[in-house]
2 protein chains.
Amino acid sequence: MAARQQLAPVLRRLRPGRCSAKLGRQATLQLPVSGAVRCFSESRRRCLRSTAAVAAASGKFTSETYPDIKRDGRFAQLTADHVAYFRGLLGSESAVIDGVSSSDAVDDIEPFNSDWMRKYRGHCKLVLKPGSTDEVSKILKYCNDNMLAVVPQGGNTGLVGGSVPVFDEIVINMSRMNQILDFDEVSGTLVAEAGCILEVADQFLAGKGYIFPLDLGAKGSCHIGGNVSTNAGGLRLLRYGSLHGTVLGIEAVLADGTVVDDLCRLRKNNTGYDLKQLFIGAEGTLGIITKVSILCPQRSPAQNVAFFGLESFDKVQQAFREAKGQLSEILSAFELMDEGSQALVRQVTNNKSPLEGQYPFYCLIETSGSNADHDSEKLAAFLEEVMEKGVVADGTLAENETQIRSLWAWREGITEALSHLGGTYKYDVSIPLKELYQLVEDTRARVDEAGLLGDTDDFPVRAVVGYGHMGDANLHLNVSTRRFDARVERVLEPFVYEWIAERQGSISAEHGLGLMKKKFIGYSRNPTMVGLMKNIKDSFDPKGILNPYKYL
Amino acid sequence: MAARQQLAPVLRRLRPGRCSAKLGRQATLQLPVSGAVRCFSESRRRCLRSTAAVAAASGKFTSETYPDIKRDGRFAQLTADHVAYFRGLLGSESAVIDGVSSSDAVDDIEPFNSDWMRKYRGHCKLVLKPGSTDEVSKILKYCNDNMLAVVPQGGNTGLVGGSVPVFDEIVINMSRMNQILDFDEVSGTLVAEAGCILEVADQFLAGKGYIFPLDLGAKGSCHIGGNVSTNAGGLRLLRYGSLHGTVLGIEAVLADGTVVDDLCRLRKNNTGYDLKQLFIGAEGTLGIITKVSILCPQRSPAQNVAFFGLESFDKVQQAFREAKGQLSEILSAFELMDEGSQALVRQVTNNKSPLEGQYPFYCLIETSGSNADHDSEKLAAFLEEVMEKGVVADGTLAENETQIRSLWAWREGITEALSHLGGTYKYDVSIPLKELYQLVEDTRARVDEAGLLGDTDDFPVRAVVGYGHMGDANLHLNVSTRRFDARVERVLEPFVYEWIAERQGSISAEHGLGLMKKKFIGYSRNPTMVGLMKNIKDSFDPKGILNPYKYL
């Protein structure tokens with residue numbers, strides 16, 4: 001009954017004819033974090049550079065962290081002759097960062113050598129920035145002929161070490177190929193170069209009344225080519241589906257320089273195997289994507305965001321079913337956060353929670369539709385239903401764009417909050433919905449039983465928390481640590497992977513394999529599948545120059 | 001202004017508070033065709049059998065129609081020993097139809113030897129109906145070891161001769177593997193065997209409040225395994241997207257009997273190349289799909305169908321843009337029919353058109369949403385807009401389920417109407433929207449200039465018409481003929497394919513390649529792409545036993 005009373009103002013506001021009624025509780029919400037958190041995504045590039053600078057000064061090399069990985073002796077060492085060839089090819093001074101001929105370029109190269117989390121750091125001495133597909137083709141042909149290994153790199157915002165070198169691989173950075181090439185306003189088909197930044201593409205589309213069918217925290221830095229190469233999932237997959245459905249075509253360059261022109265702009269094309277699908281999520285191991293054609297949906301003029309507290313994961317599941325039923329075609333996100341994750345955000349930001357009480361679980365629900373009144377009515381019906389049935393314990397609803405950003409910040413700010421508190425073991429997994437949160441509980445119990453979890457500095461683990469894209473059955477299990485302690489990893493691995501494999505889950509829902517999960521693929525794919533994948537890799541890249549030491 | 005007046009009653013009905021107002025014009029619509037046309041799809045299996053019987057009596061063999069295709073001498077001839085092995089393996093008498101040991105089985109085999117259009121007819125002497133994945137695996141291993149060619153066959157409703165043999169290939173018919181295996185009511189994930197009939201799956205889902213994310217005329221006969229193997233598109237791709245986005249996993253058996261278990265039920269799984277994508281649309285040339293896991297959306301309780309007359313293709317494009325904007329998330333179909341196609345339906349059915357006048361173009365617009373009042377309001381706003389701007393010349397709106405079926409019959413009934421009138425050259429193509437209908441006009445002009453098109457029996461061609469899925473830029477160009485005349489094909493081909501290739505369209509939007517379009521793939525795919533496809537085929541099926549003579 002308490003919940004019913006608290007949510008009543010929301011319903012009053014939502015009911016037709018009472019749109020001007022104020023939502024009292026939301027008015028008390030403190031908003032300072034919202035700008036900062038949104039800014040986080042928009043300023044990732046700067047963060048990345050400063051992070052890389054720190055790594056340059058203090059970071060360990062991947063070759064030290066992973067001593068079992070040895071440089072493949074088949075690959076040639078870079079020489080001044082090689083560099084001269086690339087200089088001649090690319091012309092522009094800024095397109096070649098040369099640490100082979102001189103050591104002065106070390107600082108310039110470092111941002112391309114390290115990932116933004118400071119987890120992976122390579123020994124790259126040459127960065128190439130091609131400006132056209134033809135240049136990518138010539139670079140790769142030369143590398144393939146001369147047994148020079150390469151790492152394709154987009155915005156370098158990945159989480160599994162896929163976009164930085166391990167040894168002295170050449171970085172082929174796509175940032176100069178960043179143009180929007182075409183947009184069809186009737187069909188909604190966008191064609192752009194791979195190095196186009198996601199947010200740039202989305203802002204372009206906003207001006208046309210369309211939206212990029214993918215959104216994620218790193219959108220201010222990540223490239224759409226990288227998004228496609230990693231099959232990025234993000235915040236609104238629930239509504240717009242995966243890139244396997246929305247990408248209409250790609251242009252890619254194979255290891256030997258062959259240009260694969262599959263830049264189809266058609267929604268339907270049943271003429272042979274759908275080869276582009278292999279490149280989606282291949283993390284640059286089959287070729288370098290140079291252009292993308294993608295179907296973009298209409299931008300929804302109306303948006304609502306609600307934030308709920310719930311007493312159990314059973315109630316979360318009930319809320320999800322109700323949301324699917326009542327909000328149906330306008331539901332665009334259903335995000336889950338546990339109290340542990342929200343406590344960390346509160347601790348770091350000092351912001352007041354959107355709800356008065358604390359609950360074991362929180363959900364953020366977003367609707368996007370073409371008619372604000374209709375959406376509000378649907379949302380009111382949904383709220384009435386979940387209140388009536390006692391599914392949610394408390395809730396609040398954003399009144400305006402600022403409050404929408406503020407509520408989202410409680411979900412999107414988790415990663416940043418964790419990064420302020422020390423190291424984090426991050427697991428990005430898919431599990432059938434009904435057991436989604438059980439992994440967090442089982443992991444927490446296990447770490448606790450090992451005597452590693454506690455509130456004081458005596459314990460290496462601060463918290464075991466879970467959050468993620470409930471709508472996609474995609475959980476982010478995060479283990480926040482105070483310091484490095486080898487016992488923690490031994491308790492976590494392979495436990496987490498085995499737990500997931502037993503439930504036929506995925507050990508990498510959306511982050512990919514990269515270097516981090518290469519050796520764990522067997523937990524989510526059987527040997528037959530892995531064997532077929534290796535055949536494909538060998539067929540597309542027989543010398544193995546593309547992104548070696550990773551993926552398979 | 002005339003349009004405005006005619007549509008006014010529709011608007012009155014749609015406006016809130018006036019829901020009981022009658023739509024006068026629709027009341028006069030004759031409905032006899034509706035039941036029959038829906039029934040057409042549901043009774044395709046029976047049609048198929050009687051059609052096949054006719055083919056058995058009179059149909060030409062594919063080997064006669066395509067004399068250039070020679071039987072591959074590497075394949076073994078079937079012997080009684082082979083049949084004995086299969087009998088022992090499959091046990092059940094009904095699982096083996098044996099025309100090798102005795103000629104009595106010819107009539108029983110004929111329905112599997114011929115397609116429903118009577119265009120393709122093989123010389124198959126053995127039909128196998130496995131009941132499990134293990135049986136499919138053992139069949140294929142034996143065939144691969146003994147160089148016996150096979151044709152995987154679902155509901156045999158294809159349009160390009162992909163599901164029937166050319167020579168004496170063994171038909172592996174999947175109809176006995178027809179079980180629904182699992183359904184998760186929270187996530188909407190359905191797992192079923194490949195031989196499950198689409199309509200059966202959809203009816204099962206209807207009982208759970210869900211819908212299969214694919215609908216097409218042949219749903220009463222086609223198998224979901226066949227749908228996935230041919231990447232079927234159908235009527236609601238506009239809303240639910242392609243199977244590349246909705247299929248979550250498959251189980252398939254390779255040529256050598258290896259079972260590929262990729263029956264993932266997760267929405268996200270970024271662990272390696274997405275191999276299942278290769279099987280989607282491979283038409284059984286890489287393996288036989290035995291099980292499918294697919295994400296099904298909520299069924300929309302509210303449905304509206306409107307039917308419009310328009311004065312030009314420019315207006316059709318305007319209407320499409322308006323529909324996308326105004327109807328947005330509830331738009332589930334936008335179908336196009338030209339006057340020529342509707343005239344043929346009128347001629348065959350003797351039904352009165354839904355509109356009083358005749359127009360060069362007609363559109364059928366369907367909305368599906370969770371709230372009938374909201375959808376009606378959106379539709380009213382859309383109608384007001386298109387009337388205000390003079391985009392549509394006349395229109396009508398279905399009042400109930402019977403009228404919805406009746407309006408759909410004017411779109412879905414075209415194929416059947418054409419089949420009553422003689423032979424048809426059917427082209428299923430994708431073209432960038434703005435030139436979509438130009439192909440019909442250019443083809444009609446070309447046939448006319450050749451003196452082949454006219455209203456009397458002197459002319460072999462009765463009509464050149466166009467219709468299709470406007471929302472997917474997918475046109476069905478149909479050339480209706482009175483009799484076979486070699487000049488017609490010479491005028492049409494390669495003209496149609498060249499026209500499409502010049503515009504970077506697809507020569508097969510949704511029907512696939514099969515036997516019919518194998519030799520034309522070069523119009524839509526460049527040699528690099530075709531070469532990569534052939535490598536994949538060779539890698540998955542090195543002996544080439546799977547569906548030979550077709551596809552690539």
Side-chain angles (χ1 to χ4, degrees), chain A residues 186-187 231 233 241-242 244-245 258 260-262 265-275 277-278 280-282 298 300 317 320-321 324-325 328-330 369-371 374 378 430 432-433 472-474 505-513 521 524-526 528-529 532-533 535-536 539 552, chain B residues 186-187 231 233 241-242 244-245 258 260-262 265-275 277-278 280-282 298 300 317 320-321 324-325 328-330 369-371 374 378 430 432-433 472-474 505-513 521 524-526 528-529 532-533 535-536 539 552:
Chain A
V186 178
S187 66
N231 189 29
S242 93
H244 286 289
T258 301
V260 179
D261 178 4
D262 189 12
R265 298 162 193 222
L266 307 165
R267 197 151 180 190
K268 289 175 169 176
N269 185 9
N270 276 351
T271 51
Y273 309 130
D274 196 356
L275 292 179
Q277 302 288 354
L278 286 177
I280 300 174
Q298 298 269 132
S300 299
Q317 290 185 78
F320 180 52
R321 288 184 68 167
K324 280 181 64 171
S328 193
E329 68 270 10
I330 61 166
S370 55
N371 183 310
H374 293 171
K378 287 189 178 88
S430 275
L433 260 184
D472 317 328
N474 180 184
S506 170
I507 59 141
S508 190
E510 57 180 9
H511 293 175
L513 294 168
I521 188 174
S524 284
R525 300 291 194 185
N526 56 52
T528 302
M529 296 276 292
L532 289 170
M533 289 178 197
N535 287 349
I536 286 170
S539 162
L552 284 176
Chain B
V186 178
S187 66
N231 188 31
S242 93
H244 286 289
T258 301
V260 179
D261 178 4
D262 189 13
R265 297 162 194 223
L266 307 165
R267 197 150 180 189
K268 289 175 169 176
N269 185 10
N270 275 353
T271 52
Y273 309 129
D274 197 355
L275 292 180
Q277 302 288 353
L278 287 177
I280 299 174
Q298 299 268 134
S300 299
Q317 289 185 79
F320 180 53
R321 289 184 67 166
K324 279 180 65 171
S328 193
E329 67 271 10
I330 60 166
S370 56
N371 184 309
H374 293 171
K378 288 189 177 87
S430 275
L433 260 184
D472 317 327
N474 179 184
S506 170
I507 59 139
S508 190
E510 58 178 9
H511 293 174
L513 294 168
I521 187 173
S524 284
R525 301 290 193 185
N526 55 53
T528 302
M529 296 276 291
L532 289 170
M533 290 180 198
N535 288 348
I536 286 171
S539 162
L552 283 176

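Letters A, B, ... are given to chains in the order of the sequence lines, protein chains preceding strands, and every chain is numbered from 1.
Between B/Ser370 and A/Lys378, the shortest heavy-atom contact is OG-CE, 3.3 Å. Here the closest heavy-atom approach between residue A/Gly505 and residue B/Leu266 is recorded as C-CD1, 3.5 Å. Across all their heavy atoms, B/Ser506 and A/Asn270 have their closest contact at OG-N, 4.1 Å.
Heavy-atom pairs under 4.5 Å with chain A were tallied for B/Thr258, B/Asn535, B/Ile536; the largest tally goes to B/Ile536. Between chain A and the options B/Leu275, B/Leu433, B/Ile280, B/Ile330, the largest number of non-hydrogen pairs under 4.5 Å is found for B/Leu275. Ranked by non-hydrogen atom pairs under 4.5 Å with chain B, the options A/Ser539, A/Gly241, A/Gly369, A/Pro432 are led by A/Gly369. Most heavy-atom pairs under 4.5 Å with chain B: of the set A/Ser242, A/Ala509, A/Ser300, A/Gly245, this distinction falls to A/Ala509.
In this structure, chain A has heavy atoms under 4.5 Å from both the backbone and the side chain of B/Glu510. Contacts between A/Asn231 and chain B at a heavy-atom distance below 4.5 Å involve backbone atoms as well as side-chain atoms. Heavy-atom distances place both the backbone and the side chain of B/Ala282 under 4.5 Å from chain A. Both the backbone and the side chain of A/Glu329 come within less than 4.5 Å of a heavy atom of chain B. For chain A, the nearby parts of B/Thr271 are the backbone and the side chain; heavy atoms of each come within less than 4.5 Å. Interface remark: B/Asn474 contributes side-chain atoms only to the contact with chain A (heavy atom separation under 4.5 Å). Neither the backbone nor the side chain of A/Arg265 has a heavy atom closer than 4.5 Å to any heavy atom of chain B. For B/Ser430, the parts lying under 4.5 angstrom from a heavy atom of chain A are both the backbone and the side chain. Contacts of B/Phe320 with chain A are made by side-chain atoms alone, with heavy-atom separations under 4.5 Å and no backbone atom involved. At a 4.5 Å heavy-atom cutoff, the contact between B/Asp472 and chain A is made by backbone and side-chain atoms alike. Contacts of B/Leu513 with chain A are made by both backbone and side-chain atoms, with heavy-atom separations under 4.5 Å. At a 4.5 Å heavy-atom cutoff, the contact between B/Leu552 and chain A is made by side-chain atoms alone. The contact between B/Arg321 and chain A is made entirely by side chain atoms (from C-beta outward), counting heavy-atom distances below 4.5 Å. Using a 4.5 Å cut-off between heavy atoms, B/Asp261 contacts chain A through both its backbone and its side chain.
With a 4.5 Å cut-off on side-chain heavy atoms, B/Arg525 and A/Asn269 count as touching. Between B/Leu532 and A/Tyr273, every side-chain heavy-atom pair lies at or beyond the 4.5 Å cut-off. Residues A/Asp274 and B/Gln277 have side chains not in contact (no heavy-atom distance under 4.5 Å, counting atoms from C-beta outward).
Using modelled atom types, one side-chain atom of B/Lys324 and one backbone atom of A/Ser187 make a donor-acceptor pair closer than 3.5 Å.
Here CD1 of B/Ile507 is found 5.0 Å from OG of B/Ser524. Values are rounded to the nearest 0.5 Å. Note: B/Asp262 CG to A/Thr528 OG1 = 11.0 Å, rounded to the nearest 0.5 Å.
A donor atom on one side chain and an acceptor atom on the other are not found under 3.5 Å apart for A/His374 and B/Asn371.
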